[in-house]
Amino acid sequence: MANTNNFKELEVKWMKFWEEHPELYHAKDASDKEKKYVLVEFPYPSGSGLHVGHAFSFTGGDVYARFKRMNNFEVMFPMGWDAFGLPTENYAIKAKRKPQDVTKENTDKFRSQMKRLGFSFDWEREVNTTDPNYYKWTQWIFIKLFEKGLAYKEEMPINWCPSCKIGLANEEVVNGHCERCGAEVSRRNISQWIVKITEYADKLIEGLKETDFIEKVKMQQINWIGKSEGARVRFQIKNPLSADADISLQKGDDFLEVFTTRPDTLWGVSFMVISPEHEFINKLVSGSDYQISEEQRQRVREYVGQAKLKSDLERAELQKDKTGVDTGIRMINPVNGKEIPLYVADYVLMGYGTGVVMGVPAHDQRDWDFAKKYNLDIIPVIKTETEHDYDKEAMSAVDEGEMINSGEISGLRVEEAIEKVKSWLEEKEIGQRTSMYHLRDWIFSRQHYWGEPIPMIFCKSCAENQFVSSSDVSSQLEKYAKEKNINIKVLKNNPGWYPEEENVLPIVLPEVEAYEPSDDGRSPLANMKEWVKTKCPVCGAEAERETDTMPNWAGSDWYYLAYVFANKINKVGADSAKATSSQSDIVGDIFSASRESLKRWMPVDVYVGGDEHNTLHLLYSRFIYKFLYDLGVLPTEHPEPYYKRLSHGVILGPDNQRMSKSKGNVIVPEMVSEKYGVDVVRSYMMFMGPFDATMAWNENTLMGVKRFLDRFALYVENQIEMAKKGGYMLDEKLENVVNKAIKGVTEDIESFRYNTAIAKMMACLNNLSASKQFIGLPNVKKLVKLLAPFAVYGAEEWWSLLRNEGDEVSVHVAQWPKYDEKYLVEESLSIPVAINGKVREQLVVATELVGENQKIIEMAKELGKISSWIEGKRIIKEIYIPGKMVNLVVQ
RNA sequence: GCCGAUGUGGCGGAACUGGUAGACGCGCACGACUCAAAAUCGUGUUCUGUAACCCAGAGUGUGGGUUCGAUUCCCACCUUCGGCACCA
């Protein structure tokens with residue numbers, strides 16, 4: 001019998017059975033059933049195997065998938081491997097092995113551990129990002145990004161991790177340190193591929209409305225994108241030395257542009273500040289084009305020099321103490337013609353806005369700090385009902401009130417003023433409405449081996465010839481652009497760069513001798529001279545392949561789509577050497593070839609993942625989905641990849657600390673399963689607390705769950721014995737217990753409240769076993785089904801003992817039990833009776849009397865304790881909430 | 001500092017739209033079984049007062065408010081956690 005002591009035997013038995021019946025968990029493309037796409041984040045297959053976090057979140061997804069499957073949905077619950085990445089590469093270097101082989105080993109290990117834990121993954125849809133037939137399409141997507149002008153090459157300072165020897169995206173730098181290894185990040189100039197995710201900033205905000213993510217996740221996404229609406233405003237530079245001086249600013253020769261979210265405060269501007277990195281500063285200190293004294297020029301030069309020495313981190317740390325220098329330049333405020341000084345100060349960032357800000361000390365704390373220090377005017381332009389002391393601090397972030405000291409807009413309310421000034425700026429062509437984003441473009445190049453090669457070719461000859469405007473090359477380029485349907489601008493913006501021909505994809509990672517990245521920042525692939533050498537698709541000259549690879553995110557940006565047509569991704573394992581580039585059955589791209597399947601399965605209904613991926617992975621993958629959608633290869637109507645996002649919690653070690661090898665508090669699911677059985681571990685993890693909570697592992701609580709499962713097993717056994725003896729009286733009360741459990745468990749699983757679902761089954765079993773009566777085998781079967789999503793092995797065993805002719809071969813595809821309303825109604829119920837809101841006694845009434853309000857109140861008053869409570873007192877109010885309670889207000 | 005959460009017994013946590021606070025589990029106490037222990041089973045378990053109760057009072061971070069009635073709604077504050085941080 002299936003108690004938790006012979007669990008090993010059962011696990012072996014049923015694992016084998018499921019292995020022989022893959023159709024149980026296979027998601028059919030063609031089926032009359034409604035679809036349900038349940039996705040859990042695919043893991044990075046590390047060498048140490050599945051950890052508790054994996055087991056926990058996968059179980060959460062698995063319970064839901066099984067539940068939906070039993071509720072007659074065609075469920076897709078796939079699994080794959082996000083297998084590119086540094087740990088494998090580092091391990092391979094150390095162990096002198098091929099990353100491909102290491103990956104194969106790790107994924108095999110993960111797969112078998114997952115099978116043991118009883119996850120109902122559809123293994124026919126397994127994908128692996130390092131499979132050349134998978135990354136063929138990752139590369140294809142990149143080519144499309146390039147063709148649409150969303151990927152460009154740029155020489156730019158990047159965040160460089162000296163320890164990992166890799167460029168990092170802004171998103172991967174945490175407080176100036178490498179997210180992965182913690183080393184301090186420095187700056188380095190490297191030519192990088194950049195993806196223009198900023199182009200989708202608005203769509204990524206808008207799209208959130210179409211999802212059912214929890215508020216927290218939506219806020220994280222919105223904050224990360226950081227949209228501010230405002231206006232650009234041009235301020236004239238007063239009195240340049242000569243009108244035709246060789247000064248080129250952003251849009252002309254004699255003005256500087258600022259970005260402001262509050263154009264209404266323009267009358268309060270008493271100075272301007274420019275960032276030390278601004279191009280104008282270079283011109284100012286090096287030339288003699290502006291009428292400022294040599295002394296001032298020298299002071300600016302010194303200040304800029306000092307600012308350069310500070311790291312971003314230092315600059316941020318010194319935020320309270322604002323420093324700056326008057327440049328000597330005077331600006332003209334366009335709204336009132338007032339002359340104001342231009343300062344240079346490092347609290348103004350070059351990377352946001354225009355690198356120049358207007359100082360409104362009365363209404364911005366930073367400007368106020370600066371104005372106080374340099375004794376600049378503080379001009380209030382907004383008046384609110386409360387008095388404000390401008391000597392103490394700024395009155396910042398005021399979004400209501402009345403404009404004052406502001407010429408023709410004085411008297412307007414703030415919102416009106418903002419609108420009016422914006423229109424006025426546009427009318428007079430001094431500025432225009434615009435938005436700024438905190439989100440930066442996405443640095444897509446990595447200088448490592450174990451990643452997808454970026455499928456681009458660089459032709460030096462083309463790059464050079466384009467600029468000497470050889471008409472011959474130019475026409476060839478135009479011809480190529482036309483043929484490939486690429487906007488010629490894209491090619492001109494990236495001189496010499498062309499995508500690989502689609503029909504040669506995938507560009508397979510060659511096997512190299514050494515995987516170590518070089519200190520000069522080039523990827524190990526650069527050493528593969530033969531591989532690097534190729535022909536220019538435009539001029540035919542000798543050209544070079546890109547040697548950078550893609551970031552980790554690339555493969556996970558579209559994997560939820562890959563599952564849908566996994567059968568078309570010709571799996572050849574992780575061994576690139578055996579890869580074939582021909583997939584004759586696919587004409588054009590695999591997305592278009594899979595329209596029907598995509599239509600059927602997308603979007604993902606429930607996406608289970610960790611908080612750590614709520615910003616980056618979610619944002620990147622939503623971006624790629626939207627891009628593919630706009631490209632027209634996704635046939636879905638929903639412009640978002642995931643409908644619901646579920647953020648799973650974290651399991652801490654028994655000491656209430658995050659698990660780590662150094663603390664020695666790591667719980668390994670495989671070991672615990674070995675000791676107590678998979679069913680116990682799964683059920684315990686789901687019982688610990690809410691699915692999204694942070695909880696400490698506690699073996700005592702686990703023992704409680706084990707006891708429950710043992711008692712359940714014993715109960716089933718006893719019931720079967722009783723059935724053999726035959727003849728039983730149906731007890732309505734027990735029917736009520738069973739049906740209440742069905743209702744409760746069903747509702748709880750539906751809303752991912754697994755902990756209370758299990759609690760309800762415990763309560764149910766406690767009630768049933770207390771009675772020691774036979775409840776009938778059909779009822780026993782119902783209970784087994786309720787437990788099936790959690791205790792997958794035990795349930796299968798009990799089912800095999802209980803099933804009749806014609807029943808499903810596996811409990812996991814059996815019909816989920818339905819409760820019967822008639823058993824939910826109890827004969828009588830007990831209504832609490834309160835005096836002044838405090839419950840004093842229970843009134844037991846027959847259910848059919850519940851609606852008779854007056855009668856109930858009278859009965860309540862007659863109860864012994866109640867009558868003594870109200871004796872001699874005046875009843876002011878009598879309240880009866882039908883079926884819920886009686887409250888008598890007395891004085 | 002800003003944004004978002006969070007706070008309930010000795011502990012993990014229940015209480016879904018305001019209606020019996022503490023489900024379920026752990027722990028603890030007592031009892032049964034046992035030579036004994038473990039395991040298992042049974043009973044009790046928010047706190048205070050009482051030998052004890054069908055007794056009384058207090059009680060969901062703090063202070064106020066709305067209500068017949070508040071863990072739940074409103075206001076102010078505090079704690080802890082997560083994210084962002086000179087973003088103009």
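Keep in mind it's a predicted model, so treat the numbers as computed, not measured. Below, chain A is the first sequence line, B the second, and so on; all start at residue 1. All values below come from the heavy atoms of this structure, side chains included, with hydrogens, waters and symmetry mates left out.
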Taking the same atom, [atom1], in [N] and in [M], what whole-Å distance lies between them?
{"N": "B:A23", "M": "B:C81", "atom1": "P", "answer": "29 Å"}
{"N": "B:U40", "M": "B:U48", "atom1": "P", "answer": "30 Å"}
{"N": "B:C24", "M": "B:A32", "atom1": "C1'", "answer": "25 Å"}
{"N": "B:C87", "M": "B:U8", "atom1": "C1'", "answer": "40 Å"}
{"N": "B:C2", "M": "B:C74", "atom1": "C1'", "answer": "24 Å"}
{"N": "B:G27", "M": "B:G49", "atom1": "C1'", "answer": "26 Å"}
{"N": "B:U50", "M": "B:A58", "atom1": "C1'", "answer": "16 Å"}
{"N": "B:A51", "M": "B:G42", "atom1": "C1'", "answer": "24 Å"}

Does the side chain of [X] pick up a donor-acceptor pair with the side chain of [Y] at under 3.5 Å?
{"X": "A:Ser647", "Y": "A:Asn614", "answer": "yes"}
{"X": "A:Asp441", "Y": "A:Thr198", "answer": "yes"}
{"X": "A:Thr323", "Y": "A:Tyr303", "answer": "yes"}

Member of A:Val886, A:Leu863, A:Ile831, A:Ile835 meeting the side-chain contact (heavy atoms from CB on, under 4.5 Å) criterion with A:Glu841: A:Leu863
Tell me whether the centres of the aromatic rings in [X] and [Y] are closer together than 6.0 Å.
{"X": "A:Tyr374", "Y": "A:Tyr343", "result": "yes"}
{"X": "A:Tyr754", "Y": "A:Phe691", "result": "yes"}
{"X": "A:Phe370", "Y": "A:Phe271", "result": "yes"}
{"X": "A:Tyr684", "Y": "A:Trp697", "result": "yes"}

Spacing of [X] atom [atom1] relative to [N] atom [atom2], expressed in whole Å:
{"X": "A:Leu652", "N": "B:U80", "atom1": "CG", "atom2": "P", "answer": "18 Å"}
{"X": "A:Ile418", "N": "B:A88", "atom1": "CD1", "atom2": "P", "answer": "13 Å"}
{"X": "A:Asp692", "N": "B:G82", "atom1": "CG", "atom2": "C1'", "answer": "12 Å"}
{"X": "A:Phe712", "N": "B:C41", "atom1": "CZ", "atom2": "C1'", "answer": "19 Å"}
{"X": "A:Gln365", "N": "B:C86", "atom1": "CD", "atom2": "C1'", "answer": "12 Å"}
{"X": "A:Met350", "N": "B:C87", "atom1": "CE", "atom2": "C1'", "answer": "13 Å"}
{"X": "A:Glu841", "N": "B:C53", "atom1": "CD", "atom2": "C1'", "answer": "15 Å"}
{"X": "A:Asp346", "N": "B:C87", "atom1": "CG", "atom2": "P", "answer": "13 Å"}

In which stems does RNA chain B show up, taking only runs of three or more Watson-Crick or G-U wobble pairs whose two distances fall under 3.5 Å? B:1-5 with B:80-84, B:10-12 with B:24-26, B:27-32 with B:40-45, B:46-49 with B:55-58, B:61-65 with B:73-77
Give me the distances for all protein-to-nucleotides 20-25 of chain B N/O pairs that come in under 3.5 Å?
unit_1: B:U20; atom_1: O2; unit_2: A:Gln842; atom_2: NE2; d: 2.8
unit_1: B:G25; atom_1: OP1; unit_2: A:Asn766; atom_2: ND2; d: 3.2

So which nucleotide from [options] ends up closest to the side chain of [X]?
{"X": "A:Arg753", "options": "B:G83, B:C86, B:A15", "value": "B:A15"}
{"X": "A:Val889", "options": "B:C87, B:C3, B:C68", "value": "B:C68"}
{"X": "A:Asn887", "options": "B:C68, B:C87, B:C86", "value": "B:C68"}

Toward the 5' end of RNA chain B, by each residue's nearest nucleotide, A:Met695 or A:Asn836: A:Met695
In terms of the nearest nucleotide of RNA chain B, which residue is placed more toward the 5' end: A:Phe259 or A:Asp748? A:Asp748
Over 60° means perpendicular and under 30° means parallel, so tell me whether A:His617 and A:Trp553 are parallel, tilted or perpendicular. parallel
If you look at every strand shown and take non-hydrogen atoms under 4.0 Å, does A:Ser751 touch a base, only sugar-phosphate, or nothing? nothing
May I ask you to evaluate whether A:Lys865 reaches the phosphate of B:C55, defined as a side-chain N or O under 4.0 Å from OP1 or OP2? yes
Taking the side chain from A:Ser751 and the backbone from A:Arg753, do they hold a donor-acceptor pair closer than 3.5 Å? no
Within the distance-only criterion (no hydrogens, no angle test), does the side chain of A:Asn698 pair as donor or acceptor with the backbone N or O of A:Pro654 below 3.5 angstrom? no
Please work out whether B:G42 sits syn or anti, treating a glycosidic angle within 90° of 0 as syn. anti
